[in-house]
Enquirer: 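Have a look at this one before I ask anything.
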Amino acid sequence: MLIETLKSLFQRDLNRLKEEISLYKKEENIWHIEKNIANSAGNLCLHLIGNLQTYIGAEIGKTGYIRDRPAEFSLKDISRVVLLDGINDTMEVVARSLDLLSEDELQGIYPILVFEEKTTTQYLLVHLTTHLTYHLGQINYHRRLLDQSEG
């Protein structure tokens, strides 16, 4: 039951991420940062892709994905189309990987130490949904602020 709920939440919010990236009036604003905003929407998008491809795709789905976390925050000016392709690929990887999990495996210890202490796979997956939603909200706010200032 939880697996289907997680799949639904990841699909919903990754679709929202695609929508947010698509809604920027000016594509270059995806990469805009100013004042105390440290990360652009583009970098947050890359971070979410890397995060889910690593903790769900590589670990659960055994995709072979190798994360370059510093690049998630240092790359700039990647086209909207490339970002959207990355989100689409991540959606497929997440769904396929979660299909491999059993309800019993959810209760097991997640094999990578992500926090200070080991957690269950279930805990980590729920955390990943809230992490996605947190950054999705930042991207939404970033877009609305920039679109408003564009008039």
Side-chain angles (χ1 to χ4, degrees), residues 1-24 27 29-33 36-145:
M1 181 70 173
L2 179 60
I3 293 170
E4 289 306 313
T5 300
L6 290 167
K7 284 174 56 178
S8 174
L9 292 172
F10 281 119
Q11 181 178 12
R12 178 196 71 188
D13 289 341
L14 286 167
N15 274 320
R16 287 180 177 168
L17 179 58
K18 286 191 325 188
E19 183 178 342
E20 286 298 331
I21 296 300
S22 296
L23 283 172
Y24 275 82
E27 185 170 344
N29 281 346
I30 294 170
W31 298 97
H32 184 79
I33 55 172
N36 292 329
I37 299 175
N39 296 308
S40 69
N43 290 119
L44 290 173
C45 181
L46 292 174
H47 171 61
L48 289 167
I49 290 168
N51 183 270
L52 296 173
Q53 289 279 3
T54 298
Y55 294 122
I56 297 177
E59 191 54 42
I60 295 171
K62 306 297 184 210
T63 61
Y65 181 84
I66 298 173
R67 187 176 193 180
D68 184 357
R69 193 173 192 282
E72 294 167 16
F73 295 100
S74 63
L75 292 173
K76 304 291 180 220
D77 301 323
I78 294 169
S79 76
R80 184 188 329 242
V81 170
V82 170
L83 292 175
L84 294 173
D85 286 346
I87 298 167
N88 284 329
D89 182 52
T90 300
M91 289 176 71
E92 292 173 18
V93 165
V94 166
R96 278 196 318 267
S97 298
L98 292 179
D99 281 341
L100 298 173
L101 275 180
S102 69
E103 292 289 334
D104 288 341
E105 289 171 311
L106 284 175
Q107 305 305 317
I109 298 297
Y110 186 77
I112 297 174
L113 181 64
V114 179
F115 306 108
E116 290 181 17
E117 296 179 11
K118 289 266 188 173
T119 65
T120 63
T121 298
Q122 172 179 274
Y123 180 92
L124 182 73
L125 290 171
V126 171
H127 164 77
L128 292 174
T129 63
T130 62
H131 177 261
L132 170 58
T133 303
Y134 175 76
H135 287 312
L136 180 59
Q138 290 178 313
I139 292 168
N140 171 270
Y141 190 72
H142 180 265
R143 179 189 55 78
R144 288 182 298 119
L145 255 162

Enquirer: In Å and rounded to the nearest 0.5 Å, what is the NZ to CD1 distance from K76 to I33?
Expert: 5.5 Å
Enquirer: Quick one: does R69's side chain have a donor or acceptor within less than 3.5 Å of a partner on G50's backbone?
Expert: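 No; judged by distance alone, with no hydrogens or angles, the pair does not exist.
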Enquirer: Can you name the residues that form a ring-ring contact (aromatic ring centres under 6.0 Å, His included) with H32, not counting sequence neighbours?
Expert: none
Enquirer: Provide the closest heavy-atom pair for L2 versus E103 in the form atom of the first, atom of the second, distance.
Expert: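 The pair with the smallest heavy-atom distance is N-OE2, 3.6 Å.
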Enquirer: Could you measure the distance from the OG1 atom of T130 to the CG atom of L125? Nearest 0.5 Å is fine.
Expert: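 Spacing of OG1 (T130) from CG (L125) equals 11.0 Å.
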Enquirer: Under the criterion side-chain contact (heavy atoms from CB on, under 4.5 Å), I'd like the reasoning laid out for L48 against H131: C-alpha separation, chi angles, the key distance, then a yes or no.
Expert: CA-CA 8 Å; L48 289 167; H131 177 261; 3.8 Å; yes
Enquirer: So, applying salt bridge (Lys or Arg N to Asp or Glu O under 4.0 Å) with R143, which one of E19, E20, E27 is it?
Expert: E20
Enquirer: Which heavy atom of I21 sits nearest to which heavy atom of I139, and what is that distance?
Expert: CD1-CG2, 4.5 Å
Enquirer: Should L83 and L46 count as side-chain neighbours, where that means a heavy-atom distance under 4.5 Å?
Expert: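 The answer is yes; the side chains approach within 4.5 Å.
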Enquirer: Should I56 and V93 be marked as a side-chain contact (heavy atoms from CB on, under 4.5 Å) after you check the CA-CA gap, both sets of side-chain angles, and the distance that decides it?
Expert: CA-CA 8 Å; I56 297 177; V93 165; 5.5 Å; no
Enquirer: Tell me yes or no: between the side chains of Q53 and D89, is some donor less than 3.5 Å from an acceptor?
Expert: yes
Enquirer: Using the side-chain contact (heavy atoms from CB on, under 4.5 Å) rule, pick out the option among T90, T54, L52 that qualifies with Y65.
Expert: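 Passing option: T54.
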Enquirer: So for atom CD1, which belongs to I66, do other residues, nucleotides or ligands contribute more than 12 heavy atoms lying within a distance under 6.0 Å?
Expert: no
Enquirer: Are any non-hydrogen side-chain atoms of Q138 and I37 less than 4.5 angstrom apart?
Expert: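 With C-beta onward as the side chain, the pair stays apart.
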Enquirer: Looking at G86 and I49, what are the two nearest heavy atoms and their distance?
Expert: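 Shortest heavy-atom separation between G86 and I49 comes out as C-CD1, 3.7 Å.
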Enquirer: Run the side-chain contact (heavy atoms from CB on, under 4.5 Å) test on D68 and L75 for me, step by step, so that the C-alpha distance in whole Å, both residues' side-chain angles and the decisive distance to 0.1 Å come before the verdict.
Expert: CA-CA 11 Å; D68 184 357; L75 292 173; over 6 Å; no
Enquirer: At their closest point, which heavy atom of W31 faces which heavy atom of I78, and how far apart are they?
Expert: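 Closest heavy-atom pair between W31 and I78: NE1-O, 3.0 Å.
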Enquirer: Using 0.5 Å steps for rounding, measure from the NE2 atom of H142 to the OH atom of Y24.
Expert: 4.5 Å
Enquirer: Parallel, tilted or perpendicular, judged at 30° and 60°: which one describes the rings of F73 and H47?
Expert: tilted
Enquirer: Is there a side-chain contact between K7 and V94 in this structure, where contact means two heavy atoms from C-beta onward sitting under 4.5 Å apart?
Expert: no
Enquirer: Could you tell me which non-hydrogen atom of S102 sits nearest to which non-hydrogen atom of E105, and how far apart they are?
Expert: N-OE1, 2.7 Å
Enquirer: Kindly compute the distance separating CG (L14) from SG (C45), expressed to the nearest 0.5 Å.
Expert: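 The CG atom of L14 sits 9.0 Å away from the SG atom of C45.
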Enquirer: Tell me if the centroids of the rings in H127 and Y134 come within less than 6.0 Å of each other.
Expert: no
Enquirer: Does a salt bridge link D13 with R16, judged by any charged N lying under 4.0 Å from a carboxylate O?
Expert: yes
Enquirer: Might you point out which heavy atoms bring T121 and Y110 nearest each other, and give the distance in Å?
Expert: OG1-CA, 3.6 Å
Enquirer: May I ask you to check whether over 12 heavy atoms, not counting those of Q107, lie within 6.0 Å of atom CD?
Expert: yes
Enquirer: Only counting residues at least two apart or in another chain, list the ones meeting side chain to side chain contact (heavy atoms under 4.5 Å, CB included) with A95.
Expert: none
Enquirer: Nearest 0.5 angstrom please: L98 CG to T5 OG1, how far?
Expert: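 That separation rounds to 11.0 Å.
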Enquirer: Could you tell me how the ring of Y123 sits relative to the ring of F115: parallel (under 30°), tilted (30 to 60°) or perpendicular (over 60°)?
Expert: perpendicular
Enquirer: Could you grab the distance from atom CZ of R96 to atom CE of M91, nearest 0.5 Å is fine?
Expert: 12.0 Å
Enquirer: Whether the side chain of T133 engages the backbone of T129 through a donor-acceptor N/O pair (distance < 3.5 Å, no angle test) should be reported.
Expert: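 Looks like yes, one N/O pair under 3.5 Å.
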Enquirer: Once side chain to side chain donor-acceptor pair (under 3.5 Å) is applied, do any residues pair with S40, and if so which ones, sequence neighbours excluded?
Expert: N43
Enquirer: List the steps, then state whether side-chain contact (heavy atoms from CB on, under 4.5 Å) holds for I112 with L124.
Expert: CA-CA 10 Å; I112 297 174; L124 182 73; over 6 Å; no
